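I have placed the structure first, in the form of structure tokens, so that the comments after it can refer back to it.
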There are 2 protein chains.
Amino acid sequence: MTVSKTAADAVRSSRALRREPVDPAGDDSMLQLGELSGLLGYSLKRAQLKVFEDFLRCVAPLQLTPAQFSVLLLLDKNPGRNQTEIANTLGILRPNFVAMLDALESRDLCARMRSTNDRRSHILVLTDKGRAVLARAKKLVANKHEARLIEVLGPANHAALLEMLAKLAQEF
Amino acid sequence: MTVSKTAADAVRSSRALRREPVDPAGDDSMLQLGELSGLLGYSLKRAQLKVFEDFLRCVAPLQLTPAQFSVLLLLDKNPGRNQTEIANTLGILRPNFVAMLDALESRDLCARMRSTNDRRSHILVLTDKGRAVLARAKKLVANKHEARLIEVLGPANHAALLEMLAKLAQEF
DNA sequence: GATATTTGATATGGTGCATAACGATTATTA
DNA sequence: TAATAATCGTTATGCACCATATCAAATATC
């Protein structure tokens, strides 16, 4: 075995002995991911971060986070629901949903109305401004964000991806 | 138009007029996700949470988080690297990597060694215990975690999913 | 009518993530 | 060579997200 001064040298020689492939970019710049690239959870998280990043860019003019957008969408599709119901379907805990609604309500995007049936609960409603912002957000998401995703993946792959992710979210 | 006392009634009637399909579980329990189910970012995040949850369950006996596991994997595949290099490839900021390494080092899974070349940097090495824990973790991940994923998705889909996620993480 | 449950809310703690700044060391350059 | 800049690990700090316990008001249950 040859004597090597640096640790990097030792890596190079041991890899040479085992005849392992080396990253195209070389030893110094790119590290070996190893089985990390086969770890679904790792790839999922990295992809999710990138996609959220792009979402924020695309919808930046409206100052909406993915979570806020999902709330507006849900309020539009499900009028007459209270905080607990909306929060539950989004996987948000009720205490954490309070501040979120405060932010949306302070921007006049939605409003809490005391229910006449059950005066404990707040019926959530989109304001006119909320509906307008949602409409503009939908367009940005569809034409900029999702359009880019479909372009990168291809329409068929995009659909297949959605299906697999839905299955994971359900059966897991 | 019929007069309805409750908001839920109003939803039911308007949906009846538009002849929209109703969730199988009924109006009260299940809410309409709407275009949320077509939002890739939404599905990505929900799937990622489920997968991480399962990872934690499977590797619970070793008390390793996904992030910690990824660090051990990377140290094994890339000996002789310093903190900045490892942190960068994992997308972890150097300040936040310090506490992470402290935790691993306090459990004797890895060690920091002052580099002789550059006495500023710490060369990271797996300890014997670290290698042993990593070996056991790899088995748990492969046989319990990834095995279940492949079973749910099917091997071909699992591979296709990985490929698409990698493409998203790269080209986005 | 007494007790239990539900709803929105508050407080609080943990964790992940981001930025600024520091001392020690090394690299650059005047 | 001396002065300056850059890098490495580290600390401090703040923000966002997530989770639990708890509360008052209102409702449901018995």
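This one's a predicted model, so the numbers in the text were calculated from it and none came from an experiment. Just so you know, these numbers use all the heavy atoms, side chains as well, and skip hydrogens, waters and symmetry mates. Proteins come first, then strands; the chains are lettered A, B, ... in the order of their sequence lines, and each starts at number 1.
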Tabulate atom names and distances for all N/O pairs under 3.5 angstrom spanning the protein and nucleotides 19-22 of chain C.
none

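- B:Met100 places its CE atom 13 Å from the C1' atom of C:dC17, with the value rounded to the nearest Å.
- Extent of DNA chain D lying under 4.0 Å from chain B heavy atoms, first and last nucleotide in 5' to 3' order, is D:dA6 to D:dC18.
- Under the ring pair (Phe, Tyr, Trp, His ring centres under 6.0 Å) criterion, B:His158 pairs with no residue at all, not counting sequence neighbours.
- The side-chain hydrogen bond (donor to acceptor under 3.5 Å, both in side chains) test applied to B:Asn88 returns B:Arg94, not counting sequence neighbours.
- For B:His122, there are no ring pair (Phe, Tyr, Trp, His ring centres under 6.0 Å) partners at least two apart in sequence or on another chain.
- Every residue meeting the salt bridge (charged side-chain N to carboxylate O under 4.0 Å, His left out) condition with A:Arg57, not counting sequence neighbours, appears here in chain and number order: A:Glu53, A:Asp54.
- Under the salt bridge (Lys or Arg N to Asp or Glu O under 4.0 Å) criterion, the residue pairs touching residues 118-134 of chain B are B:Asp118-B:Arg120, B:Asp128-B:Arg131, with sequence neighbours excluded.
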Acceptor/donor pairs from residues 133-141 of chain A side chains to any protein atom, 3.5 angstrom cut, sequence neighbours excluded:
none

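- Exactly one residue among A:Leu62, A:Leu104, A:Leu126 makes a side chain to side chain contact (heavy atoms under 4.5 Å, CB included) with A:Leu109. That residue is A:Leu104.
- Straight-line distance from the CZ atom of A:Phe52 to the P atom of C:dC17: 13 Å, rounded to whole Å.
- The separation between B:Ile92 atom CD1 and C:dG16 atom C1' is 10 Å, rounded to whole Å.
- Residue B:Leu101 is the one, among A:Ala67 and B:Leu101, whose nearest nucleotide of DNA chain D lies closer to the 5' end (criterion: closest heavy atom).
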Determine all donor-acceptor pairs shorter than 3.5 Å in which one atom belongs to a side chain in residues 37-45 of chain A; sequence neighbours excluded.
| from | atom 1 | to | atom 2 | distance (Å) |
| --- | --- | --- | --- | --- |
| A:Ser37 | OG | A:Gly34 | O | 3.0 |
| A:Tyr42 | OH | A:Arg46 | NH1 | 2.8 |

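- A:Leu161 and B:Leu165 make their closest contact through CD1-CD2, 4.4 Å (heavy atoms, listed as atom of the first residue, atom of the second, distance).
- Among residues at least two apart or in separate chains, there is no salt bridge (Lys or Arg N to Asp or Glu O under 4.0 Å) pair with a member in residues 160-172 of chain B.
- Straight-line distance from the CD atom of A:Gln48 to the P atom of C:dG16: 15 Å, rounded to whole Å.
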Pairwise N/O distances under 3.5 Å, protein to nucleotides 6-8 of chain C:
| from | atom 1 | to | atom 2 | distance (Å) |
| --- | --- | --- | --- | --- |
| C:dT6 | O4' | A:Arg120 | NH1 | 3.4 |
| C:dT6 | O2 | A:Arg120 | NH1 | 2.7 |
| C:dG8 | OP1 | A:Gln83 | N | 3.0 |
| C:dG8 | OP1 | A:His122 | N | 3.2 |
| C:dG8 | OP2 | A:Thr84 | N | 2.9 |
| C:dG8 | OP2 | A:Thr84 | OG1 | 2.2 |
| C:dG8 | O3' | A:His122 | ND1 | 3.2 |

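- Taking the side-chain hydrogen bond (donor to acceptor under 3.5 Å, both in side chains) definition, one finds that B:Glu105 meets it with B:Arg112, sequence neighbours left out.
- A:Leu56 has its CG atom 15 Å from the P atom of C:dC17, to the nearest Å.
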